[in-house]
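Below is one structure, written out as structure tokens; the observations come after it.
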2 protein chains.
Amino acid sequence: MPDSASVIPRSTLQEEIATRLRAEIVEGFWEPGARLQERILCERYGVSRSPLRETFQILVKEGLLELLPGRGAVVTRPTMTDALENIEVLIALESMSIALACERASDAALAEIESLHEKMRKSVDENKVKNFYKFNNAVHTAIVHASGNSAMIAAHANHQRHITRLQNLSGALQAITADSLAEHDEFVGALLARDADKASEKLRAHLNTTAEKIRLRILESE
Amino acid sequence: MPDSASVIPRSTLQEEIATRLRAEIVEGFWEPGARLQERILCERYGVSRSPLRETFQILVKEGLLELLPGRGAVVTRPTMTDALENIEVLIALESMSIALACERASDAALAEIESLHEKMRKSVDENKVKNFYKFNNAVHTAIVHASGNSAMIAAHANHQRHITRLQNLSGALQAITADSLAEHDEFVGALLARDADKASEKLRAHLNTTAEKIRLRILESE
DNA sequence: TTATTGTATATTGCATGCAATATTGATATC
DNA sequence: GATATCAATATTGCATGCAATATACAATAA
């Protein structure tokens, strides 16, 4: 019997479908509230209903789909309240991650974060909005990876995805994050100096400005 | 067309199976490393393979199962490293939650937490170990609920489950948490006084003592 | 004996079948 | 014209079928 370490990894159909469908929902191809009929998706992906329905369960867990009994899969509608809840979770995960990264991350990992930060700065200088969001998210993701905690990394990805989705759908958060470069300077600087307390506090402050703006929007819309 | 608010909620088969199988894995009925053959589980739960396989995807997302292509579902083996990773995530989520709870929770919610805390104290006095773990976990869960953040609540449940499972499987963490009453006094006291910074710091310190003990065990076992 | 090969059986991964429910759309009613 | 009713159709939820793969086991060789 081969032990699990020597088993050649094989990809499953559900993983493939999940990757495609997830990306299409996050990119906005499938609109919030859209009903996903099994037959249509089966034809689109060239698979049968069994692996597709298994995939639905994955995306339900990720918060991208809702399954209404008797009525099938519906794309969730991201609200500002959802965004706020997810941001609060990201504050928790990222402020912990950056502290861990200060203690544990390799110099190479920190250098990579600094490099992404500089690319983000350049995107601002050149007014390339799409790149700005890309590198902004990349910096946050890299910090969590630098924690070396795989449970943290997985949880973060699940929550960050919802923020990315809102950015893609509406540009609703664009103005919100556009002035964040100076704040990034602060927590990236503290991270490079491996000052865990300061890095954690500055990252928390940064995300809190976003959270506060979302709270204001929620209040306005009531 | 009835709008979604008026739809009578129906439970699905996957939810039922997931609830049962999840509980059985967490309780240790299915041992770490056990292979879950579809036929056996189908007979046990009186369902067919389709809803069972959909349930597998849910429990994979929760980290309780692993799906090996061609070889089916296997119960994951919780390791001390997993426990440490999950504790670090819990530190992040709970320290944020208690700060939010200080600001937002109703007096009734705080009173409920205090009541659970007193039940935990009583369990210690009466040396009822099982109740101690039950109310210990209940206090932590109630604090996260008091944050009012449903994304936080869901994420916390997913990570706390792994710690509960380790407690059930081996009693491995029992000695680790047995001396935590005094620490609970500290952060519950700060929460009741709605002192967010102090509550957050004391809760973090409490969970850090557990994390440190796990780190020591990992070092010893290497 | 232990290791190896070949074969029978069991199990999985995906496809399809079927009954119950939901949706659609035409007709009738106000 | 708007609304209600009911039959026709489509879709879902779960069960089952089938081919490919994995497992178990007996026969054989070292």
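Please read these numbers as outputs of a predicted model, since none were measured by experiment. Every chain is numbered from 1 and lettered A, B, ... according to where its sequence line falls, protein lines coming before strand lines.
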Salt bridge (charged side-chain N to carboxylate O under 4.0 Å, His left out): which pairs involve residues 152-166 of chain B, sequence neighbours left out? B:E62-B:R161
Heavy atoms within less than 4.0 Å of DNA chain D: which residues of residues 57-65 of chain B have one? Give them sorted by number. none
For DNA chain C, which residues of residues 29-40 of chain A approach it to below 4.0 angstrom with any heavy atom? A:R35
Could you list the residues that satisfy side chain to side chain contact (heavy atoms under 4.5 Å, CB included) with A:E38, not counting sequence neighbours? A:R49, A:L52, A:R53, A:F56
Could you tell me which residues satisfy side chain to side chain donor-acceptor pair (under 3.5 Å) with A:T79, sequence neighbours excluded, listed by chain and number? A:D82
In 5'-to-3' order, the base (B), backbone-only (S) or no-contact (-) status of each nucleotide in nucleotides 14-19 of chain D, using a 4.0 angstrom heavy-atom cut-off, is BBBB--
In whole Å, I'd like the distance from the CZ atom of B:F56 to the P atom of C:dT12. 8 Å
Can you list everything that forms a side chain to side chain donor-acceptor pair (under 3.5 Å) with A:R20? Sequence neighbours excluded, please. none
Just to verify, what does A:R215 make a side chain to side chain contact (heavy atoms under 4.5 Å, CB included) with, not counting sequence neighbours? A:L84, A:E88, A:N208, A:A211, A:E212, B:R104
Holding to side chain to side chain contact (heavy atoms under 4.5 Å, CB included), I want the full list of residues that pass it with A:K128, two or more places apart in sequence or in another chain. A:E126, A:N131
Please list all pairs passing the side-chain hydrogen bond (donor to acceptor under 3.5 Å, both in side chains) test where one or both residues lie in residues 93-103 of chain A, with sequence neighbours left out. A:E94-A:H140, A:E94-A:H156, A:S95-A:R204
Here the distance between atom P of C:dG13 and atom CG of B:L67, to the nearest Å, is 7 Å
Could I get the full list of side chain to side chain donor-acceptor pair (under 3.5 Å) partners for A:E16, not counting sequence neighbours? A:S11
Can you name the residues that form a side chain to side chain contact (heavy atoms under 4.5 Å, CB included) with A:A151, not counting sequence neighbours? A:N149, B:E85, B:N86, B:V89, B:H159
Lys/Arg N to Asp/Glu carboxylate O, B:R39 vs B:E43, below 4.0 Å: yes
